[in-house]
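None of these values were measured; they are calculated from a predicted model. Positions are given from 1, in the same order as the sequence printed here.
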Amino acid sequence: MRAFLLRASDWIASIAKIGYLPLAPGTWASAVALVIWWVLPAIETFPYVLILLNLFLVGVIVSAIVSNGNGKIDPSYVVVDEWVGMWIALAVVPKTWSLMVLAFLLFRFFDIVKVFPARQSESLGGGWGIMLDDVIAAAYTVGVIEVVKLVK
């Protein structure tokens, strides 16, 4: 049973093995999240928030299982955090390529740079530490996107 739980958690945490793609798995996962979001029909705010909350909580659980299972603090192939972060960032974006690409680039920037308190949130450890820095990166992205929309 333990082996099955680890394999299932790995599959979810790596977003169907996207996290195992070479060179920048977080960028791959963010790009796939963007494309999937783009092809999905519009989702009302309340169901969208519920989806994000559930995916976040599942991400916390599976990230912790995978992290504990292999002894790594934040394995690079765990990319469910990028998926959640990207979908949070896209929550305020109309389906226009210019803003979608901007959201993608901003999210990747903030996720890589880890602006305060993102880096500090990693010290929470386990699934919480893995997931929260991407939520913070998404929050920064949302802030910048909202400013761009006001100026535009």
Side-chain angles (χ1 to χ4, degrees), residues 5-21 24-67 74-152:
L5 182 62
L6 188 54
R7 279 195 313 276
S9 296
D10 179 81
W11 192 82
I12 295 167
S14 68
I15 305 292
K17 302 294 183 178
I18 290 169
Y20 287 99
L21 290 172
T27 300
W28 284 111
S30 298
V32 172
L34 172 68
V35 170
I36 298 295
W37 177 86
W38 179 65
V39 300
L40 284 175
I43 302 170
E44 295 293 325
T45 303
F46 185 71
Y48 192 79
V49 169
L50 284 179
I51 290 166
L52 286 173
L53 283 172
N54 282 296
L55 190 53
F56 174 80
L57 292 173
V58 167
V60 168
I61 293 165
V62 299
S63 296
I65 290 169
V66 170
S67 177
D74 188 356
S76 62
Y77 57 86
V78 171
V79 292
V80 67
D81 50 336
E82 275 82 12
W83 190 285
V84 171
M86 194 68 222
W87 274 29
I88 292 170
L90 291 168
V92 299
V93 175
K95 290 192 177 187
T96 62
W97 280 106
S98 58
L99 287 176
M100 288 166 45
V101 169
L102 180 61
F104 172 81
L105 294 173
L106 286 169
F107 174 70
R108 292 309 302 142
F109 170 78
F110 288 124
D111 187 29
I112 292 165
V113 173
K114 307 248 186 269
V115 178
F116 179 83
R119 185 162 317 281
Q120 292 75 7
S121 73
E122 291 179 315
S123 67
L124 294 171
W128 292 101
I130 291 170
M131 296 296 294
L132 280 177
D133 68 304
D134 291 80
V135 170
I136 294 165
Y140 277 109
T141 301
V142 166
V144 173
I145 292 291
E146 287 299 313
V147 169
V148 167
K149 285 170 33 183
L150 285 174
V151 173
K152 192 173 175 184

(message) As an exercise, state the distance from CE of Met86 to CG of Leu34, rounded to the nearest 0.5 Å.
(response) 5.0 Å

(request) Check Val148 against Leu99 and note the closest heavy-atom contact, atom names and distance. (result) CG1-CD2, 4.0 Å

(request) Report the distance from atom CZ of Phe104 to atom CH2 of Trp97, rounding to the nearest 0.5 Å. (result) 11.0 Å

Donor-acceptor contacts, no H, no angles, side chain residues 49-64, under 3.5 Å, sequence neighbours left out:
{"unit_1": "Asn54", "atom_1": "ND2", "unit_2": "Leu50", "atom_2": "O", "d": "2.8"}
{"unit_1": "Ser63", "atom_1": "OG", "unit_2": "Gly59", "atom_2": "O", "d": "2.6"}

(message) Using 0.5 Å steps for rounding, measure from the OH atom of Tyr77 to the CG atom of Asp10.
(response) 5.5 Å

(message) Quick check: closest heavy atoms across Ile112 and Arg119, and the distance to 0.1 Å?
(response) O-NH2, 4.3 Å

(message) Once you measure the plane-to-plane angle for Tyr48 and Trp87, does it fall in the parallel (<30°), tilted (30-60°) or perpendicular (>60°) bin?
(response) parallel

(request) Identify the heavy atoms of Leu90 and Ala103 that sit nearest to each other, and give their distance. (result) CD2-CB, 4.1 Å

(request) Taking the side chain as every heavy atom from C-beta outward, state whether Val78 and Ser67 have any pair of such atoms under 4.5 Å apart. (result) no

(message) Keeping Tyr140 on the side-chain end and Phe116 on the backbone end, is there a donor-acceptor pair under 3.5 Å?
(response) yes

(request) Scan Thr96, Val144, Ile145, Val93 and name whichever one has a side chain to side chain contact (heavy atoms under 4.5 Å, CB included) with Leu102. (result) Ile145

(message) How close do Ala89 and Val142 get, counting heavy atoms only, and between which atoms?
(response) CA-CG2, 3.9 Å

(request) Calculate, to the nearest 0.5 Å, the distance between atoms CD1 and CG belonging to Ile65 and Leu5 respectively. (result) 4.0 Å

(message) Using every non-hydrogen atom in the two residues, find where Ala13 and Val66 come nearest and quote the distance to one decimal.
(response) CB-CG2, 4.0 Å

Side-chain atoms of residues 24-31: list all donor-acceptor pairs with protein atoms under 3.5 Å, sequence neighbours left out, distances to 0.1 Å.
{"unit_1": "Thr27", "atom_1": "OG1", "unit_2": "Arg108", "atom_2": "NE", "d": "3.1"}
{"unit_1": "Thr27", "atom_1": "OG1", "unit_2": "Arg108", "atom_2": "NH2", "d": "3.4"}
{"unit_1": "Trp28", "atom_1": "NE1", "unit_2": "Pro22", "atom_2": "O", "d": "2.9"}
{"unit_1": "Trp28", "atom_1": "NE1", "unit_2": "Leu23", "atom_2": "O", "d": "3.1"}
{"unit_1": "Ser30", "atom_1": "OG", "unit_2": "Gly26", "atom_2": "O", "d": "2.9"}

(message) Just so I know, are the side chains of Glu82 and Ile15 near enough to count as touching, which here means a heavy-atom distance under 4.5 Å?
(response) no

(request) Considering non-hydrogen atoms only, spot the tightest contact between Pro94 and Lys149 and give its length. (result) CD-CD, 4.3 Å

(message) Test side-chain contact (heavy atoms from CB on, under 4.5 Å) on Val32 and Trp83; report intermediate values, then the result.
(response) CA-CA 8 Å; Val32 172; Trp83 190 285; 3.7 Å; yes

(request) Could you check if a side-chain atom of Phe107 sits within less than 4.5 angstrom of a side-chain atom of Asp134, using non-hydrogen atoms only? (result) yes

(request) Answer whether the closest heavy-atom distance between the side chains of Leu105 and Phe109 falls below 4.5 Å. (result) no

